[in-house]
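Below, chains carry the letters A, B, ... as their sequence lines are ordered, and counting in each starts from 1. These numbers come from the heavy atoms of this one structure, side chains and all, not from hydrogens, waters or symmetry mates.
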Protein chains: 8
Amino acid sequence: MSLKVYLSGEIHTDWREQIVEGAKDLDVTFGGPVTDHAASDDCGVAILGAEPDKFWHDHKGAKVNAIRTRMGIEQADVVVVRFGEQYKQWNAAFDAGMAAALGKSLIVLSRPEHQHPLKEVHAAALAVAEEPRQVVEILRYVLTGALPS
Amino acid sequence: MSLKVYLSGEIHTDWREQIVEGAKDLDVTFGGPVTDHAASDDCGVAILGAEPDKFWHDHKGAKVNAIRTRMGIEQADVVVVRFGEQYKQWNAAFDAGMAAALGKSLIVLSRPEHQHPLKEVHAAALAVAEEPRQVVEILRYVLTGALPS
Amino acid sequence: MSLKVYLSGEIHTDWREQIVEGAKDLDVTFGGPVTDHAASDDCGVAILGAEPDKFWHDHKGAKVNAIRTRMGIEQADVVVVRFGEQYKQWNAAFDAGMAAALGKSLIVLSRPEHQHPLKEVHAAALAVAEEPRQVVEILRYVLTGALPS
Amino acid sequence: MSLKVYLSGEIHTDWREQIVEGAKDLDVTFGGPVTDHAASDDCGVAILGAEPDKFWHDHKGAKVNAIRTRMGIEQADVVVVRFGEQYKQWNAAFDAGMAAALGKSLIVLSRPEHQHPLKEVHAAALAVAEEPRQVVEILRYVLTGALPS
Amino acid sequence: MSLKVYLSGEIHTDWREQIVEGAKDLDVTFGGPVTDHAASDDCGVAILGAEPDKFWHDHKGAKVNAIRTRMGIEQADVVVVRFGEQYKQWNAAFDAGMAAALGKSLIVLSRPEHQHPLKEVHAAALAVAEEPRQVVEILRYVLTGALPS
Amino acid sequence: MSLKVYLSGEIHTDWREQIVEGAKDLDVTFGGPVTDHAASDDCGVAILGAEPDKFWHDHKGAKVNAIRTRMGIEQADVVVVRFGEQYKQWNAAFDAGMAAALGKSLIVLSRPEHQHPLKEVHAAALAVAEEPRQVVEILRYVLTGALPS
Amino acid sequence: MSLKVYLSGEIHTDWREQIVEGAKDLDVTFGGPVTDHAASDDCGVAILGAEPDKFWHDHKGAKVNAIRTRMGIEQADVVVVRFGEQYKQWNAAFDAGMAAALGKSLIVLSRPEHQHPLKEVHAAALAVAEEPRQVVEILRYVLTGALPS
Amino acid sequence: MSLKVYLSGEIHTDWREQIVEGAKDLDVTFGGPVTDHAASDDCGVAILGAEPDKFWHDHKGAKVNAIRTRMGIEQADVVVVRFGEQYKQWNAAFDAGMAAALGKSLIVLSRPEHQHPLKEVHAAALAVAEEPRQVVEILRYVLTGALPS
């Protein structure tokens with residue numbers, strides 16, 4: 001038994017590294033978006049040509065990124081979506097909506113103070129965690145049946 | 001030719017009424033979430049019993065609301081998602097993600113200052129509008145071919 | 001907005017009548033299995049010929065009933081599954097599994113003493129109720145936004 | 001030719017081991033739920049935090065288990081569902097309903113005294129067996145064409 | 001509750017008329033292929049131009065007929081396939097295969113002497129009848145719960 | 001029996017009017033794109049704001065038009081795609097590809113001199129006609145079984 | 001590039017061996033039904049217990065065989081269906097119908113004298129061949145672009 | 001992370017070789033149609049027998065080619081469609097329509113002078129490039145996050 005896990009959402013802390021490190025003895029393949037913020041913002045114009053209008057600058061980039069993110073979500077067994085402290089994070093909630101509509105197992109990693117505004121996303125999730133460690137424990141349990149001691 | 005349109009997102013201004021009023025001569029059926037904020041928050045416990053823990057209070061309500069919102073999105077031809085001035089609005093972005101994954105025609109109604117954080121949602125949309133009037137004009141054009149004079 | 005609701009499960013009490021009566025002012029169309037126990041058990045052999053072996057007697061009947069029940073579940077927006085006091089009720093849990101796999105909104109109507117053995121079914125449901133009245137209240141809220149006073 | 005087989009249902013006897021042992025020379029990959037009863041009941045709270053209310057204690061666990069069971073059923077070619085002597089076993093029937101709705105080849109392993117209450121589940125199955133040995137014989141025949149001598 | 005029933009297969013006896021007449025008090029909509037044998041054979045060339053080669057003559061016609069038959073099967077709730085006394089009737093078995101793959105409720109109307117060569121088709125059916133009257137009785141039972149007296 | 005027919009492709013001759021007129025006694029509902037060329041080209045900027053760059057001018061319009069055309073194709077039973085004398089007509093071939101992938105019954109209306117470059121599109125079609133009259137005859141035959149006299 | 005090819009239909013000549021032998025240098029994986037006629041007829045009762053009634057004897061066997069045949073068809077890229085000289089061969093036509101409904105590439109291998117009764121099956125096929133050698137040539141061309149010299 | 005990329009469209013320049021060469025250090029598997037123009041045109045008759053009528057000559061070939069092209073598009077993660085200088089190229093637009101309807105990530109490689117007639121195809125694409133090099137850069141970014149320096 002192996003798992004394909006897509007790690008969506010916040011890109012400014014090391015939560016992905018914590019999960020990958022914690023699960024390194026498990027049969028898990030991880031995916032996720034490009035986490036280099038500048039590259040992610042500029043990929044469209046860097047490859048396909050500059051745009052004077054910020055809307056189209058962003059539009060080109062968001063579409064190139066969508067090649068990766070949609071494929072990643074569609075191929076995953078489990079989608080983990082992390083909501084952090086900063087920014088609007090609408091792309092995280094958008095990914096969660098896609099995951100839910102595609103019937104993926106959704107795990108939300110969020111902060112207690114965001115409980116109320118995330119209630120619709122939590123309602124679609126199979127687990128709501130606060131710490132990356134808990135995500136690792138879920139993956140370990142799902143794959144091996146072992147609980148944290 | 002008729003259209004089923006789901007109006008998702010912000011519930012604190014009269015944008016839904018503006019669209020419904022503007023489209024009243026068109027063959028459009030509108031759907032949307034329950035927009036009574038208090039009822040929406042408390043529906044779960046009001047019907048299924050109180051919960052001392054706020055997480056489960058919200059969870060019960062969000063699931064009852066999901067009966068309506070998911071069915072509404074699944075049955076719609078067009079999903080309009082409005083992002084307003086206030087709040088986290090993750091449920092709006094979540095609905096947009098569901099609509100995109102289900103292949104619905106997505107129209108985003110958003111404010112210029114939110115352009116950058118909404119770029120992934122915009123990239124999945126067939127139209128990005130700033131005013132409810134523009135949504136009406138799109139519906140009119142789609143149904144009749146007439147453009148605003 | 002209208003709802004198609006399939007009422008699955010226990011056939012020995014009047015819970016279906018209570019729901020239909022309670023929802024008679026709502027735009028709901030109800031479906032459900034044949035609730036005449038004897039007809040349901042014997043429909044296969046009565047129409048298609050007697051079987052000396054009880055397995056095939058039941059098999060023929062269960063398949064004829066499946067024409068109705070599967071179509072009913074597939075066409076429903078909401079599937080309500082009632083677990084009663086008696087019998088194994090594996091067909092009720094089977095219908096719940098089908099409803100979940102088909103992405104239907106699932107409401108479970110069950111008794112407190114069955115909470116533990118129904119936990120997997122409850123986990124797939126959008127609402128867990130104990131009384132038919134609560135199902136009516138959910139349908140009313142979903143359709144009109146009105147909560148019980 | 002290889003088969004992915006999910007072994008669902010009863011967890012208190014060694015029927016899974018019998019099938020895995022009997023099929024060890026065949027190109028079959030087996031999956032199934034976590035069969036450690038205590039771990040399965042407590043996984044939710046052990047990882048995600050205690051719940052004073054038994055309903056939510058079970059709910060959290062059932063959802064974490066669902067990550068494994070739904071993925072297992074969705075990825076299987078054949079789903080074997082075992083109904084044993086004890087307990088309500090609604091989760092087994094629920095899994096059978098999911099398997100049927102997803103178009104999986106369903107094999108039911110059940111006891112003669114349960115024939116009547118299982119008739120709807122049997123009607124959806126491609127084989128109804130009483131002994132684990134028969135399941136092995138079916139897998140062998142399906143993969144190699146060899147019948148028991 | 002209403003049913004859409006597609007009547008596929010043999011076109012040389014009045015079995016369709018018997019079923020339609022028998023079910024005239026039921027909420028059933030019937031569909032089926034064009035049953036004028038000559039028109040059915042020649043429709044392609046009559047509309048789209050003559051073909052000297054019989055293969056293409058038949059090909060053009062079979063494709064025009066497929067517009068009707070595939071749509072009819074896809075839109076049906078129940079597909080009844082009749083195997084008669086004469087001809088190869090591969091189109092009937094082909095329609096049954098389509099109906100099975102599309103998850104339609106399949107009723108086979110066949111003769112006892114064809115039991116063995118139809119065993120794969122029967123295995124996919126929810127009912128195997130010998131007389132049109134039995135099909136009517138199934139439709140009546142499915143819609144009303146009433147059994148033949 | 002009724003048919004929903006989408007008329008895609010060339011917008012500079014009266015072929016749509018010929019088909020609608022010819023089929024006026026049949027139970028057919030017709031759909032199609034906006035055929036006012038200027039409105040179709042400018043709808044995006046007219047509603048959502050001007051674009052200095054022709055690419056984005058066209059892009060905005062093509063997406064607004066896609067709300068209508070994709071919905072029209074998805075809801076149709078039959079998609080007729082007309083290739084005319086002029087222009088690249090890649091949107092017609094694109095619509096044909098969508099129709100084929102969605103399993104729609106495809107009828108191509110094309111000119112003899114385009115036979116070779118249309119061979120892949122023709123290979124996916126259930127009928128290849130040269131005259132609007134033939135499309136009407138197909139619709140009449142499919143709905144009524146009557147051939148042209 | 002590799003192909004999964006399912007070889008359905010007639011089991012009394014060596015056409016499967018000819019194709020497998022002819023394609024042995026190609027990246028093709030072949031599947032097919034159990035071709036031991038006696039085993040195929042008796043598998044159900046041999047494993048699951050005798051049936052006095054021939055209908056149920058055959059029914060049990062046909063369902064066990066369906067585990068293999070449906071999975072084989074669903075997993076194939078290309079389904080080749082062979083119609084031979086003898087027998088009713090309704091299972092071959094049934095498999096062709098399933099393959100067509102599932103969107104598989106269908107190749108029919110048939111005899112000239114069966115052209116007319118197979119016209120509906122041929123109309124759903126991407127190739128109609130008379131000799132196993134031609135099937136090998138198609139597979140070779142599809143995989144390598146090489147035509148027979 | 002690996003990508004399956006289908007290269008559709010124009011077969012008279014070396015754009016495929018440029019992309020394959022440029023991406024040789026990336027984990028990409030490429031597919032595409034048979035690019036030997038003569039073989040592609042004649043494959044049907046070469047294998048399945050001559051046709052005096054050019055329409056059926058082409059028809060047979062287009063269907064044999066469809067075995068490869070449809071499978072290639074269905075299995076791809078990304079579909080690149082190239083529009084060149086010459087010919088009608090309706091098959092390229094047809095492939096783009098299939099890719100869009102199947103939810104594939106579509107990259108269009110086209111010339112500036114074709115911007116207007118390709119606007120509907122561009123509107124469905126996640127990237128519009130002019131040079132094969134840009135396609136390589138997109139694949140590199142999607143797989144590694146690296147932008148061109």
Report yes if the side chains of D:Lys119 and C:Asn65 come closer than 4.5 Å at any heavy-atom pair, otherwise no.
-> no
In terms of heavy-atom pairs under 4.5 Å, which option from D:Ala96, D:Gly97, D:Ala92, D:Ala62 contacts chain C the most?
-> D:Gly97
Pair D:Lys54, C:His116: side-chain N/O donor-acceptor within cut-off below 3.5 Å | yes
For D:Ala124, is it the side chain, the backbone, both or neither that has a heavy atom under 4.5 Å from a heavy atom of chain C?
-> both
Per-residue tally against chain D (heavy atom, under 4.5 Å) across C:Pro112, C:Ala123, C:Gly61 peaks at C:Ala123
Options D:Gln115, D:Lys60, D:Met98, D:His59, ranked by heavy-atom pairs under 4.5 Å with chain C, top entry | D:Gln115
Options D:Ala101, D:Ala93, D:Ala99, ranked by heavy-atom pairs under 4.5 Å with chain C, top entry | D:Ala93
Let me know if D:Ala100 has heavy atoms under 4.5 Å from chain C in its side chain, its backbone, both or neither.
-> side chain
Which atoms of C:Asp95 come close to chain D, meaning under 4.5 Å heavy atom to heavy atom: side chain ones, backbone ones, both, or neither?
-> neither
So, the part of D:Glu74 with a heavy atom under 4.5 Å from chain C: the answer is neither
Sub-3.5 Å donor-acceptor pair from the side chain of C:Trp90 to the main-chain atoms of D:Glu120, do we have one?
-> no
Name the member of C:Phe94, C:Phe55, C:Phe83 that forms the most heavy-atom pairs with chain D at distances under 4.5 Å.
-> C:Phe94
Options D:Leu118, D:Thr69, D:Ile73, D:Leu102, ranked by heavy-atom pairs under 4.5 Å with chain C, top entry | D:Leu118
Test item: C:His114 and D:Lys88 side chains (from C-beta on) under 4.5 Å apart, heavy atoms | yes
